[in-house]
Structures are given as C-alpha cells and as structure tokens.
Protein chains: 2
Amino acid sequence: MVVDELSDESVDRLFHALADATRRSILRRCVRGELSVSRLAEDYPMSFAAVQKHVAVLERAGLVTKQRRGREQLVRTDAEAIARARQVLDELEATWRGRVDRMARLLAQDPEPDDKTPKEG
Amino acid sequence: MVVDELSDESVDRLFHALADATRRSILRRCVRGELSVSRLAEDYPMSFAAVQKHVAVLERAGLVTKQRRGREQLVRTDAEAIARARQVLDELEATWRGRVDRMARLLAQDPEPDDKTPKEG
DNA sequence: TTAACGTACAACCAAATGGTTGTAGATGAG
DNA sequence: CTCATCTACAACCATTTGGTTGTACGTTAA
C-alpha cells in the first residue's frame with residue numbers, strides 16, 4: 001500500500017496535467033488500451049507535435065508511461081497515478097468530515113477531545 | 001442527487017485551481033472554518049492581492065464561496081465541489097477496472113496470437 | 001469627521017502554456 | 001539500399017498565469 005506523502009510539485013504536475021480536456025481524453029483512451037502517439041494524434045484538431053507535448057505533460061505527471069514497439073511509442077495510462085490524485089481529494093474531504101464531526105460534538109455540547117488539527121501554512 | 005455531466009471547461013477550472021500548492025493550502029484551511037481573505041493572506045509569502053487572485057481562481061472553479069461579514073469577506077470551501085473533482089477520477093478508474101475485467105475474460109477464453117502482455121505495473 | 005482596515009481592481013511584468021513549423025534520427029517496408 | 005513512417009526536439013509566437021504596485025471604495029473605530 002502506497003501511503004507516501006506526495007510533494008507539492010508532484011501534486012502540481014498531477015492536477016495541471018488533468019486540467020486540459022485533450023489530455024483527459026488521451027488518458028481515457030489509453031486506459032482502454034495502449035495507443036501510439038501518432039494514432040492518438042489522428043483524432044485531435046491539432047498537430048502531431050502538439051499531441052506529443054500533451055503526452056509529455058502526462059508522462060511528467062506520471063499519469064502515462066510509454067513503451068517502444070518498433071518505431072512506435074505506445075502510451076498507456078497508469079491507474080495508480082489517478083488513484084494518487086484521488087487520494088489528495090480524499091484527504092481534503094476527510095478534513096471536511098472531521099470538521100462536521102467537531103460541529104456535531106459542539107452542538108451536542110460535548111467537550112472537544114484533543115485538537116490535533118495540523119496547522120496549515 | 002446531482003450527477004450532472006460536467007462541462008470540459010468546468011473540469012478544466014476545477015483541476016487548474018487544484019494545481020497550485022497555495023490554493024490547495026487555502027482550500028484545506030477553509031474546510032476547517034471560514035477565514036477572511038486578509039487573514040488568509042497573512043500566512044503566505046506574497047502580497048494580499050496575490051492571495052486575492054488565488055481565492056478568485058478557487059471561486060471561479062466553484063471550490064470556495066465568499067460571504068460578507070462587515071468589511072470582511074469570509075472564504076469557505078465547498079466540499080461538494082471536491083467531490084465533483086473526485087468523481088471525474090472515479091470514472092477514469094472505473095474504465096480501467098472495466099478493461100481489466102475484459103482482459104481477464106479474454107485470457108480465460110481465447111489467448112491472442114499477438115503478444116500483448118496485459119501485465120500492470 | 002477622520003483614520004485605519006478589508007476589499008476590489010487596474011496596469012504592468014516575467015515566466016509558463018499551448019499551439020505552430022521545420023529539421024533530424026530511428027525503424028520497418030519494398 | 002531507398003523511402004515512407006514514427007518520433008524527438010528546437011525555435012518561434014500569442015495568450016495565460018502568477019506575481020507586483022498603486023488607487024479607489026465601503027465599513028468600522030476613535
């Protein structure tokens with residue numbers, strides 16, 4: 001089980017890579033099966049080089065891996081990387097649930113246990 | 001329950017907003033409780049105006065809402081928006097699981113002649 | 001009223017982003 | 001071998017981003 005802390009930079013790269021419709025489309029297509037870069041490029045209204053750059057962004061974010069097959073480069077999305085991104089959001093939601101719990105306790109007039117809330121910033 | 005399709009632009013804004021460490025920090029702090037913009041700005045090594053811009057990015061993404069209290073503007077994280085972002089990743093993972101299932105079926109019946117080893121990792 | 005505070009917003013700037021074209025190196029087909 | 005294909009990468013350009021400072025405006029405190 002991977003419980004590593006992700007560095008700010010990796011999370012930056014992760015979400016930045018996800019913040020583009022073309023890249024998300026590439027991710028979806030390469031979850032279903034590996035595709036070469038030129039195959040991918042056929043279906044987008046932009047140059048091959050542009051698609052190549054998008055794949056590079058996904059690769060630096062760890063969201064896809066490439067593997068040579070002959071002269072082709074097969075792109076495949078890494079489901080674990082997507083899980084990593086989700087984990088960041090899970091933690092945010094967990095904090096939120098924690099806050100709701102404290103609210104509930106307050107409303108029930110229970111004393112707060114021990115506020116180990118990690119400081120931010 | 002709202003399970004609307006999210007437009008490409010909203011997902012773009014969502015992930016773009018999440019792709020910055022300062023903004024993620026703001027999100028975490030405002031999940032725990034509302035904070036004014038100037039209060040937020042105290043703890044970052046940048047100008048008030050810069051923090052104000054980060055809050056605006058989060059607001060356009062729907063990740064936070066603002067509410068006036070006197071001369072202050074209280075920022076609060078919207079947990080549902082985070083859930084929306086997570087949903088996008090969930091769908092990607094679901095596709096991946098679907099693919100693994102199909103692979104398993106394929107391997108159980110008819111080995112492909114071509115050597116497309118379906119090993120993950 | 002006056003002063004201080006919290007916010008909003010415009011103007012500006014350097015750096016990053018997302019696209020282009022062009023060139024060059026491997027690889028496979030004929 | 002020669003040629004077409006697939007990829008890599010540099011150079012360039014327009015726009016966006018993330019920061020700055022400065023100004024203006026509403027609200028609260030003295």
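Throughout, a chain's letter reflects where its sequence line sits, starting with A, and its residues are numbered from 1.
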Q: Among the candidates D/dT7, C/dT7, C/dG22, find the nucleotide nearest to the side-chain atoms of A/Ala49.
A: C/dG22

Q: List the atom of A/Ser25, the atom of A/Tyr44, and the distance in Å for their closest heavy-atom pair.
A: OG-OH, 2.5 Å

Q: Provide, to the nearest angstrom, the distance between the CZ atom belonging to B/Arg69 and the P atom belonging to D/dT27.
A: 15 Å

Q) How close or far is atom P of D/dT5 from atom CZ of A/Arg39, stated in whole angstroms? A) 15 Å

Q) Between C/dG18 and A/Arg23, is there an OP1 or OP2 to side-chain N/O distance shorter than 4.0 Å? A) yes

Q | Non-hydrogen atoms of A/Arg86 and B/Glu93 that approach each other most closely | A | NH1-OE1, 2.9 Å

Q. For B/Ser38 and C/dT7, is the shortest distance between a side-chain N/O and OP1 or OP2 below 4.0 Å?
A. yes

Q: Whole angstrom is fine here: how far is it from NE2 in B/His54 over to C1' in D/dG19?
A: 8 Å

Q: Answer with base, sugar-phosphate or nothing: what part of the nucleic acid does A/Thr22 contact at a heavy-atom distance below 4.0 Å?
A: nothing

Q.
Could you tell me if the side chain of B/Thr22 sits less than 4.5 Å from the side chain of B/Met46, heavy atoms only?
A. yes

Q.
Rounded to whole Å, how long is the line connecting atom CZ of B/Arg24 with atom P of D/dG18?
A. 12 Å

Q: Report yes if at least one side-chain N or O of B/Ser47 is closer than 4.0 Å to OP1 or OP2 of D/dT20; otherwise report no.
A: yes

Q.
On the nucleotide C/dG18, are OP1 or OP2 found under 4.0 Å from the side-chain N or O atoms that B/His16 carries?
A. no

**Q.** Nearest-Å distance for atom pair CZ/P, residues A/Arg60 and D/dC9
**A.** 12 Å

Q) Rounded to whole angstrom units, what separation is found between the CD atom of B/Glu72 and the P atom of C/dA8? A) 12 Å

Q) Does a side-chain N or O from B/Lys66 land closer than 4.0 Å to OP1 or OP2 of C/dG6, or not? A) no

Q | N/O (side chain, B/Lys53) to phosphate O (OP1/OP2, D/dT21) under 4.0 Å | A | no

Q: Between A/Arg68 and A/Phe48, just flag the one whose closest nucleotide in DNA chain C comes earlier from the 5' side.
A: A/Phe48

Q. Which nucleotide, D/dT5, C/dT20, C/dA4, lies nearest any side-chain atom of A/Arg71?
A. D/dT5

(Q) From CD of A/Glu34 over to P of D/dT7, roughly how many Å is that when rounded to an integer? (A) 13 Å

Q) Would one find a side-chain N or O of B/Gln52 under 4.0 angstrom from OP1 or OP2 of C/dC9? A) no

Q: Would you mind reading off the distance between B/Tyr44 atom OH and D/dT20 atom P, rounded to a whole angstrom?
A: 14 Å

Q. With a cut-off of 6.0 Å (strictly less than), are more than 12 heavy atoms of other residues, nucleotides or ligands near CD of B/Gln67?
A. no

(Q) With nearest nucleotide decided by heavy atoms, which residue, B/Gln73 or A/Pro45, maps closer to the 5′ end of DNA chain C? (A) B/Gln73

Q) Which heavy atom of A/Thr77 sits nearest a heavy atom of A/Leu27, and at what distance? A) CG2-O, 2.8 Å

